[in-house]
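Written out below as structure tokens is the structure these notes cover.
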Amino acid sequence: MIAPPEISPSVLAPIGFTAIGAMVILVQDALLTRGSSLLGRRVTPAYAGTLNAFTAMLFLSLALYVTVVAFASGDSLVFQLANPVYQQDRFGSFATALLVVVGILTCALSVSYLSELGINHGAYYALVLASITGAIFLVGAIDLLGVYVGLELMTIPIYVLAGFDRARLRSNEAAIKYFVIGSFATAILLYGMALIYGATGTTSFGAIRDAFDPTSPVAMLGVGLILIGFAFKIASVPFHQWAPDVYEGAPAPITAYMSVAVKAAAFTALLRFVATAIGPETEQLSDVFAAFAVLSMIVGNLMAVIQENVKRMLAYSSIGHAGALLIGLVTGSPGGYAAIAFYLVVYAFMNLGAFGVVIALARRGQECERVDDFAGLARTRPGLAAAMTLFMLSLAGIPGTAGFMAKFNLIVVAIRADMIWLPITLVVTSVISLFYYLRIPVLMTMREPSEPPSRTGIASGEALALCLCAAVVLFLGFFPNHGMLPWLGLELPVLDWASDSVTDLFGS
Amino acid sequence: MVTGGTEFDLLHWIPLAPLFAAVLHGVLLVVVRRTVSEWITVAISCGAITASFVISCAAFARMVRLPDESRLLVDHLYTWIGAGVGSQAFSTELAFQFDPLSAVMTLVVSGVGALIHFYSWGYMKEDEREDKGFQRFFCYLNLFSFAMLLLVLADNLVLMFLGWEGVGLCSYLLIGFWYSDRNNAYAGSKAFIVNRIGDLGFIVGMLLLFSMLAEAGHPTVGFQDIERYFAQIADVELDLPAWLPGGPSYRAVNVVGLCFFIGACGKSAQIPLHVWLPDAMAGPTPVSALIHAATMVTAGVYLVCRMSFLYAAAPEASAIIAWTGALTAALGAVLALVQTDIKKVLAYSTMSQLGFMFVAVGCGAYAAAMFHLATHAFMQALLFLAAGSVILAMQHEQNIDAMGGLRRRIPRTHWTFLIGALALSGVLPFAGFFSKDAILVAAYGAEVAGGPWLYRLMLATAGLTALYLFRLYFRVFRGKGRAPRGLRDRMEDPPGSMVVPLYVLSGLAIFAGLAGFPQAWGDLGWVDIEESNSFANFLAPVLAGSEREGLAHEIEYRLTLRAVLAAITGTGLAWWLYLQRPTWPEKIRSSFHRLHHVLVAKFWVDEIYGVLLVRPLVAISDRLLYRGIDAGLIDGLLVNGVARSIRALAANGLRYVQSGLIQAYMFLMLVGAVAIVALLMR
């Protein structure tokens with residue numbers, strides 16, 4: 001007889017809020033389109049979409065609140081079905097908070113973009129929330145089955161969202177491509193899990209750790225296949241080729257969400273898997289990660305140089321960043337894992353910011369995605385140009401920005417772990433990356449605008465999201481672990497939080 | 001080495017004042033939709049940089065009251081990066097230090113910077129034609145001042161790197177300021193890319209140094225700490241690939257020193273990274289004066305002096321620096337002889353003078369390098385600003401063939417330019433004489449390979465300096481007027497806000513040399529021997545090798561005499577060729593037309609780089625990675641190839657093999673999967 005599951009409400013609170021939020025939005029959307037007026041305004045599709053976005057952000061904020069409370073308490077709580085499948089600890093909460101903030105920003109960036117395209121449907125926000133639910137489950141999963149469920153729950157809504165702009169052929173193509181290749185990768189992952197189960201007789205991380213034998217070919221094959229599944233999600237070379245196509249085709253807010261949230265969730269899950277189920281110091285794993293890292297940094301950054309489409313360029317850049325992040329995994333030390341966690345936060349804000357500018361520039365039915373579209377922007381839209389310059393500098397890792405801090409932290413950790421070639425590869429590829437990142441500011445400041453922009457205003461949601469991203473990028477560039485606002489009584493030591501959170505993985 | 005450190009709370013305002021001005025401009029540019037009045041813009045910008053200068057003077061006054069060996073002011077803001085725990089702990093401070101070395105740089109940067117800010121007011125006035133151009137210019141200028149002051153005041157390598165990148169970025173924005181000309185934007189990009197290559201050297205040097213220090217148990221990037229623990233890593237050996245000459249084992253300090261020098265080469269336009277500086281002249285003239293003559297380009301020299309303890313322990317790296325500097329100095333001087341653009345002549349002149357400074361640091365005479373850095377900042381800024389006045393008077397004509405006889409038309413500009421040319425040529429008793437003499441003396445006594453030839457080359461270059469500067473002077477200000485009649489009649493000297501900086505810089509170009517009398521001159525009795533080279537004495541506590549024995553005084557007098565003769569010969573030759581026998585230069589040119597062609601083409605260095613570096617890089621990303629591997633190899637060879645062979649094998653089994661991209665991607669995934677599993681299970 002199976003014991004009834006022990007459900008403690010606080011463990012599942014973040015997941016609960018996002019899941020319930022998704023359903024509420026679906027119902028609300030159905031009700032809204034039928035009503036004729038609400039709060040004295042006629043319900044147009046745009047109005048309904050805005051209300052849906054607000055509901056989504058409300059539920060995400062609730063999830064953020066409970067996550068922050070959980071992080072502050074520092075407890076580790078386990079959600080148990082037959083086995084323990086989900087654990088809420090500081091590491092999970094740190095990642096969850098990041099994912100939820102990314103969700104809020106994605107919703108804020110989506111509203112007017114979708115209205116411009118005439119596809120501001122409630123299903124969009126419901127799917128985003130569903131995907132975040134899966135992502136949260138994934139980062140807390142301590143069982144292979146939990147990983148699988150979380151991964152699929154996160155990914156399947158994205159298959160739909162990538163094709164959400166149904167009228168556009170490229171969007172459809174992106175969805176199909178992502179779906180087919182994604183399924184292929186999931187199949188590989190699942191096969192790896194099966195092999196691990198075969199070799200160890202269990203799916204629970206802790207039990208796998210006890211039974212794992214690095215010399216057993218079956219177990220190693222299983223680990224290899226699981227790594228491939230994760231490498232696909234984080235878009236590491238040689239499992240990267242879907243990324244540029246899908247990033248280019250999907251609606252820009254979804255691209256932003258994918259490049260940030262999916263990468264962050266997959267990375268945290270991978271960290272937890274390696275640290276608690278395999279053992280971070282396994283030598284063969286380090287070799288594989290080093291190979292992934294070097295290949296991703298080189299191919300990602302070199303390929304980005306020749307791109308003419310900003311979304312594609314950012315796709316290759318995200319491959320390059322994945323390579324940089326993998327350096328932390330090669331070290332296998334708490335410092336390296338903390339550097340990854342911090343890097344993920346930084347990357348989330350600077351990349352969302354960069355996509356945010358692309359979104360804010362999109363015109364009716366036409367993306368502002370060619371590199372040439374940025375010509376002369378410093379004259380016509382000085383604010384957006386300044387923000388874009390900041391995000392590009394940060395992505396390139398210029399000191400004074402968060403991007404530098406993240407890379408620097410990673411390099412220091414790698415050097416302390418007696419590596420020299422990986423950090424040097426990172427430095428060399430970062431220098432190469434300047435060629436394409438800096439191209440955008442060059443075009444913005446040193447070229448005449450090609451045509452007058454058709455949309456000159458900026459929606460308040462976009463403006464707020466961009467301001468937040470820019471503020472975080474600057475703040476973390478100068479105060480990575482320092483309370484800048486002592487006069488407000490506010491301490492925001494993000495780097496310390498990252499360090500604290502990974503101790504949960506290494507503590508036991 | 002200086003110990004201790006006195007708190008000085010105002011220090012951080014030196015860089016922050018221009019930063020706030022830049023931010024204020026930025027806010028006004030983005031938020032306020034209409035053009036802000038000229039007066040407000042000027043008040044914000046010039047006020048901020050003047051404030052920096054005043055605080056620098058206050059800091060200087062505070063510092064000189066301290067005893068020699070504890071002249072160090074510090075201002076610690078907060079711990080910038082504190083990463084890791086326990087034995088992995090590591091922190092970088094956001095802190096500033098003001099020692100004699102920083103003091104010289106800070107005073108030069110903020111002082112000359114302030115003068116050039118005022119000059120720009122008049123120079124950029126007509127940029128009202130482009131909306132907000134005037135304000136945008138001052139915004140960039142303030143941002144640059146912030147980055148440059150940060151660079152010289154930083155108390156650790158990481159913070160210095162922040163300034164290092166910042167000045168590069170601003171220089172690039174300012175070179176491309178008049179972007180409507182496509183060439184200007186191109187010049188900006190070129191400067192940026194070449195500087196990136198240099199920065200790579202800087203970062204790798206920093207990484208190596210840090211990893212060595214971490215290995216010795218002192219993970220730190222602060223200058224004071226690096227110097228303190230340097231003795232522990234001075235003898236570390238580094239294994240590099242065996243195919244490198246002189247290997248396989250190197251003293252790590254040499255490698256680190258060379259890495260930092262690559263960074264310095266990029267910033268300071270030394271061979272082989274010198275190609276960007278002449279093109280950078282596309283920017284407005286005040287920018288050339290500030291960034292590409294007085295401040296940013298000297299950052300490389302400052303870096304080497306800052307790390308002087310390291311270079312003093314790395315004789316091989318120092319020798320390479322000395323010879324690179326000498327070759328650059330000679331190359332710059334030779335190329336300056338054939339340029340016809342007034343600013344390009346000065347650009348090559350800057351490059352050549354920077355070469356002099358590197359000769360000095362390569363020979364271990366760090367104080368002489370800093371001395372020349374300071375006097376050169378005054379002289380070259382003066383020449384550039386005077387050239388700017390000429391260009392304004394000529395209505396943006398820069399070709400010296402179209403000038404001539406401007407002496408009467410713009411007398412004030414003429415006099416200041418003449419003072420600058422005399423000073424930089426090294427004519428007694430102007431500033432350039434003393435600083436250049438110190439370098440020549442150092443080159444003579446240097447213990448580097450090929451030492452005597454180093455000295456001879458530098459002496460000849462000193463003569464060439466006088467030749468090309470006075471060629472410029474005579475072509476522009478003397479002889480027959482070649483400008484169109486109408487233009488000549490309308491010419492006038494610039495307004496007061498531009499002339500006053502010229503006068504101040506002229507004064508400095510005349511008198512700044514008095515700060516550093518040669519040690520030998522103490523014998524003459526009219527200066528106190530202890531105080532005679534007060535500039536070097538002032539810097540002695542922070543620079544390595546200051547306690548070295550000088551040359552015998554008789555030798556020094558002989559060298560001084562030679563330097564004076566070289567300057568007089570160059571000046572006289574220019575006078576004779578360009579004033580007395582104006583047809584001769586043309587004859588010389590036509591009888592050596594091949595050589596002239598080579599010089600005008602700048603030895604085709606740009607073209608060689610294009611063929612050797614730029615094209616292969618583009619080819620690698622485009623042809624090899626993109627079309628080659630992604631599309632060609634995977635698609636064409638592997639997928640379709642496999643498909644074709646399968647089709648050939650099972651002619652009827654597979655009726656149709658789709659060769660869509662998804663298949664190609666999956667195929668690559670499989671290949672990768674096999675490779676990874678093989679790597680794991682080996």
Side-chain angles (χ1 to χ4, degrees), chain A residues 177 180-181 184-185 188 217 220-221 223-225 227-228 232 238-239 241-242 245 284-285 287-288 291 299 302-303 305-306 333 335 338-339 382-383 386 393 398-400 405 408-409 411-413 415-416 420 423-424 427-428 431 434-435 438 442 445-448 478-482 495 499, chain B residues 26 29-31 78-85 88 90 94 131 158 161-162 165-166 169 173 176 179-180 184-185 188-189 192-193 196-197 199-200 203-204 207-208 210-211 214-215 219 617-618 620-622 625-626 630 661-662 664-666 668-669 671-673 675-677 679-682:
Chain A
K177 220 172 235 175
V180 174
I181 305 176
F184 186 58
I188 292 180
M220 264 343 236
L221 185 60
V223 170
L225 295 182
L227 290 189
I228 290 162
F232 172 82
F239 309 105
Q241 287 187 308
W242 59 275
D245 293 355
Q284 293 102 311
L285 281 188
D287 291 347
V288 171
V299 172
L302 277 182
M303 294 285 283
V305 173
I306 52 169
S333 67
L393 292 180
I398 297 278
M405 210 43 79
F408 181 76
N409 207 11
I411 287 173
V412 168
V413 170
I415 287 180
R416 301 301 300 276
I420 192 74
I424 286 185
V427 167
V428 172
V431 168
L434 274 161
F435 288 70
L438 266 290
V442 174
T445 52
M446 298 182 192
R447 200 65 65 72
E448 297 291 340
F478 283 97
F479 308 95
N481 54 355
H482 188 274
L495 193 50
S499 307
Chain B
L29 276 171
V30 171
V31 178
Y78 62 90
T79 300
W80 191 16
I81 310 160
V85 279
Q88 296 277 302
F90 158 79
L94 212 154
D131 62 319
V158 181
F161 186 62
L162 170 54
E165 289 282 318
L169 206 64
L173 284 173
Y179 57 82
S180 39
N184 294 5
S189 306
F192 197 73
I193 290 168
R196 291 285 75 63
I197 297 169
D199 290 350
L200 191 59
I203 310 174
V204 172
L207 288 188
L208 283 174
F210 178 73
S211 69
E215 205 140 296
L617 198 71
V618 172
I620 285 173
S621 352
D622 188 34
L625 278 175
Y626 184 63
D630 263 27
L661 279 171
I662 291 185
Y665 296 170
M666 286 187 179
L668 188 75
M669 281 176 73
V671 173
I676 278 156
V677 171
L679 193 60
L680 267 177
M681 296 177 46
R682 91 199 116 98

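In what follows, chains carry the letters A, B, and so on, assigned in the order in which the sequence lines appear, proteins first and then strands, with residues in each chain numbered from 1. Because only heavy atoms are used, hydrogens play no part in the values below, and waters and symmetry mates are left out as well, while side chains stay in.
Rounding to the nearest 0.5 angstrom, the gap separating the CG atom in A:L434 from the CD atom in B:E165 is 7.0 Å. Note that CG of A:L495 is 14.5 Å distant from CZ of A:F479, once rounded to the nearest 0.5 Å.
Between chain B and the options A:A386, A:G224, A:A339, A:G383, heavy-atom pairs under 4.5 Å are most frequent for A:G383. Your options are A:L285, A:V427, A:I188, and the one with the most heavy-atom pairs under 4.5 Å with chain B is A:V427.
Proximity to chain A (any heavy atom under 4.5 Å) is restricted, for B:L169, to the side chain, taken from C-beta onward. Contact of A:L221 with chain B is made through backbone and side chain together, with heavy-atom distances under 4.5 Å. Proximity to chain B (any heavy atom under 4.5 Å) is restricted, for A:M405, to the side chain, taken from C-beta onward. Heavy atoms of B:L94 lying under 4.5 Å from chain A belong exclusively to its side chain. There is no contact between A:A338 and chain B, counting heavy-atom distances below 4.5 Å.
Nearest approach of A:P399 to B:F161, heavy atoms of both residues: CG-CD2, 3.5 Å. The two atoms that bring B:G672 and A:P238 nearest to each other are CA-CG, 3.7 Å, heavy atoms only. Across all non-hydrogen atoms, the minimal contact from A:P423 to A:I411 is CB-CG2, 4.0 Å.
Between A:I420 and B:S211 the shortest side-chain heavy-atom distance falls below 4.5 Å.
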